[in-house]
There are 2 protein chains.
Amino acid sequence: MARDTEKATLVDVARVAGVSLATASRAMSTPQLVRPATLAKVLKAVQWLGYLPDGAARALASRRSRTVGAVVPTLDNPIFASSTQALQRELGESGYQLLIASHEYDAGRELAVTQALLERGVDALALVGTDHVPAVWTLLAGCRRPYVLTWSLDEGGHHPGIGIDNREAMARVARHLHDIGHREFAVISGHTAHNDRARARLAGVRAALLGRGIELAASRVVETDYSVEAARTALRALARLRPRPTAIVCGNDVLAQGAMAEAHALGLAVPADLSVTGFDDLALVASAPPGLTSVRIPAAEIGQRTARYLLARLAGVAAPDRTELPVELVVRGSTGPPPAAASRARARPPR
Amino acid sequence: MARDTEKATLVDVARVAGVSLATASRAMSTPQLVRPATLAKVLKAVQWLGYLPDGAARALASRRSRTVGAVVPTLDNPIFASSTQALQRELGESGYQLLIASHEYDAGRELAVTQALLERGVDALALVGTDHVPAVWTLLAGCRRPYVLTWSLDEGGHHPGIGIDNREAMARVARHLHDIGHREFAVISGHTAHNDRARARLAGVRAALLGRGIELAASRVVETDYSVEAARTALRALARLRPRPTAIVCGNDVLAQGAMAEAHALGLAVPADLSVTGFDDLALVASAPPGLTSVRIPAAEIGQRTARYLLARLAGVAAPDRTELPVELVVRGSTGPPPAAASRARARPPR
DNA sequence: TTGTATGCGTTATCAT
DNA sequence: ATGATAACGCATACAA
């Protein structure tokens, strides 16, 4: 099949097929414009030579790279892994490849990788969140390519976005916990600097509780890394508070998992002694103990919609510039008596 | 800063800076070859014009794209997310971008995406595993670019690889479980077709048990999707076996998580009634109940080493073609009496 | 439907 | 240290 070891070019294909370079090119890119017989000849030559198109040359000549860029904080968070996976899949079905860059929640690196993707010639760009340094906005405005912000929607509505209402979702969680009797709350949050999702979620809890006349003291909020170990440490600290919180609201699944693990280690039953609430749950809810409250986020759908939006824009088709996806409040299993109520029933003096 | 709205090219930069195209090019790629004063002029022009290099043109002329490709089954598995994240990070520090493609355990798609990456002009390639269709091997041999197989090492030692001994790792788990008293085993495995990791892990359990005189019946092995829900279903089936298995060995963390969840739902205590064993643990061990046995895999290190190997090859430096990373057997907490022994102590008639 | 000729934006070779 | 210029491999306007 492979005739020799040198890299074959379209010129070689054309020569072997006995057609012109232009015809060979058309056979590859727009087969419907060449006579079936000639197409066959070209294809045979391609096979024979083991010809692979050169993407760089293609991109240079056509001014399109058939590549889309994604800037994410990290793939190490299941929600980004999941949405990115969906994005990649959907794009692949239309012949696009995904170029991924992560910045690990570092604003400087985000600028650098965004620029790197643009230089690589991505045809479109998807970024996570609405928190970006001015230089990133400058790049986006200057590059004249479709882009979309994911996971969060910007307040002003000035940028295309596909996401959820993080704030309201978390507020619903807090209100639910209050409804079933909880009065002592604490929050384990991700770092809120340069992270609009974490900020919105925390704000959601704050606002909801304030609406019920509860003010969340600073000592009841721990900002920490998104890691199981960090969350365990956080829970240990929160468990020492008096009155002890009965409801721990966690900024995402990793934190909730750590919190639950540490609660068990401390001999606290979840949710009997302590109610832990997750967010982002992909696997969490499926494997959590009954009574756990959580929010089910459509991660894969965000990726899919992101792909569809960008593909539409790349095809020159109009597409809605703003899509808010619904989230679902999930209370797993029947809880028996509300944890907080139960906890109060056998109340002990706060020390 | 940005002078106008048109895309600036190096020619523009050269003109504005009052130097030749060649000098402008050198200023960008090999600054040490131009006089500091001229360099400054060029850099000023770059700023002024908001110039961004064109990667396609660069790649075409230099025959290098500064891009590395990774072919993974899916990002939705935490181990691949983690190793890919590390790979990306390490490559980024050397100015390379990662082009990711996933095939979702479909051999046909793997070939397609591998070819797509090659066409995109990746300078090097990392693939997961040793199971590949002939056409993929043909591509790898023909493209004359560095590549490396990750997670598994091939038997013949014919391909560069960075991975672990999946088979031996799982065998150690099985031997440990036998040592602490288990006699009734069952396995929840990923699909073994086109997945050498799953095959090796299952083979490891089989071989280890055979070494102890135990044959693993077909009814005690369930092959299933890598999902929590699928694992729950699998555990439900296994829990109905008589004699009931006391040790459930899971092919990876997702499966273990599902198995534990379902065990709880069935009212079985883990690990008192049922010992669940994970693999791949990233967060699993940190949040698992005491007594859980697992294997700690160096996912991030695999990504890091993969990057280093490829970077070395790209730099023309020699590098070891085969790296086997150690895995760690982890038994969390003290277990009290061996679960199996305890289970036998209050044995009930197998029906 | 097919062929001819030009240009895409950069690197690299050769002078100077 | 800098400048002129020829590739790089393909797409595409235009001609036939």
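In this text, all values refer to a predicted model and were calculated from it rather than measured experimentally. Lettering follows sequence order; numbering is per chain, from 1.
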Integer-rounded Å distance: dG9(C) P and D12(B) CG: 9 Å
Span of DNA chain D in contact with chain A (heavy atoms, under 4.0 Å): dG9(D) to dA13(D)
With sequence neighbours excluded, residues passing side chain to side chain contact (heavy atoms under 4.5 Å, CB included) with L111(A): V133(A), A135(A), V136(A), L139(A)
Interatomic distance where CD belongs to E119(A) and P belongs to dG9(C) [whole Å]: 15 Å
Taking only distance into account, with no hydrogens and no angle test, what donor-acceptor pairs under 3.5 Å do side-chain atoms of residues 13-20 of chain B form with protein atoms, sequence neighbours excluded?
unit_1, atom_1, unit_2, atom_2, d
R15(B), NH2, D12(B), OD1, 2.8
S20(B), OG, A22(B), N, 3.4
S20(B), OG, T23(B), N, 3.2
S20(B), OG, T23(B), OG1, 3.3

Distance, rounded to the nearest Å, where K7(B) contributes NZ and dC8(C) contributes C1': 8 Å
DNA chain C contacts among residues 33-40 of chain A, heavy-atom distance under 4.0 Å: V34(A), R35(A), T38(A)
For nucleotides 11-15 of chain C, which of its nitrogen or oxygen atoms have a protein nitrogen or oxygen under 3.5 Å away, and what is each distance?
unit_1, atom_1, unit_2, atom_2, d
dT11(C), OP1, S29(B), OG, 3.0
dT11(C), OP1, R58(B), NE, 3.1
dT11(C), OP2, S25(B), OG, 2.5

All side chain to side chain donor-acceptor pair (under 3.5 Å) counterparts of R109(A), not counting sequence neighbours: none
Partner set under side chain to side chain contact (heavy atoms under 4.5 Å, CB included) for T67(A), not counting sequence neighbours: S65(A), Q97(A), L99(A), V122(A), R120(B)
Residues which pass side chain to side chain contact (heavy atoms under 4.5 Å, CB included) with A198(A), listed by chain and number, not counting sequence neighbours: S189(A), T192(A), N195(A), Y226(A)
Sequence-distant partners of Y51(B), ring-ring contact (aromatic ring centres under 6.0 Å, His included), two or more places apart: none
Contact list for residues 24-34 of chain A, test side-chain hydrogen bond (donor to acceptor under 3.5 Å, both in side chains), sequence neighbours left out: none
Under the salt bridge (Lys or Arg N to Asp or Glu O under 4.0 Å) test, residues paired with E104(B) that sit two or more places apart: R89(A)
Residues in side chain to side chain contact (heavy atoms under 4.5 Å, CB included) contact with T323(B), at least two apart in sequence or another chain: I162(B), R305(B), L325(B)
Geometric class of the Y147(A)/H159(A) ring pair [parallel <30°, tilted 30-60°, perpendicular >60°]: tilted
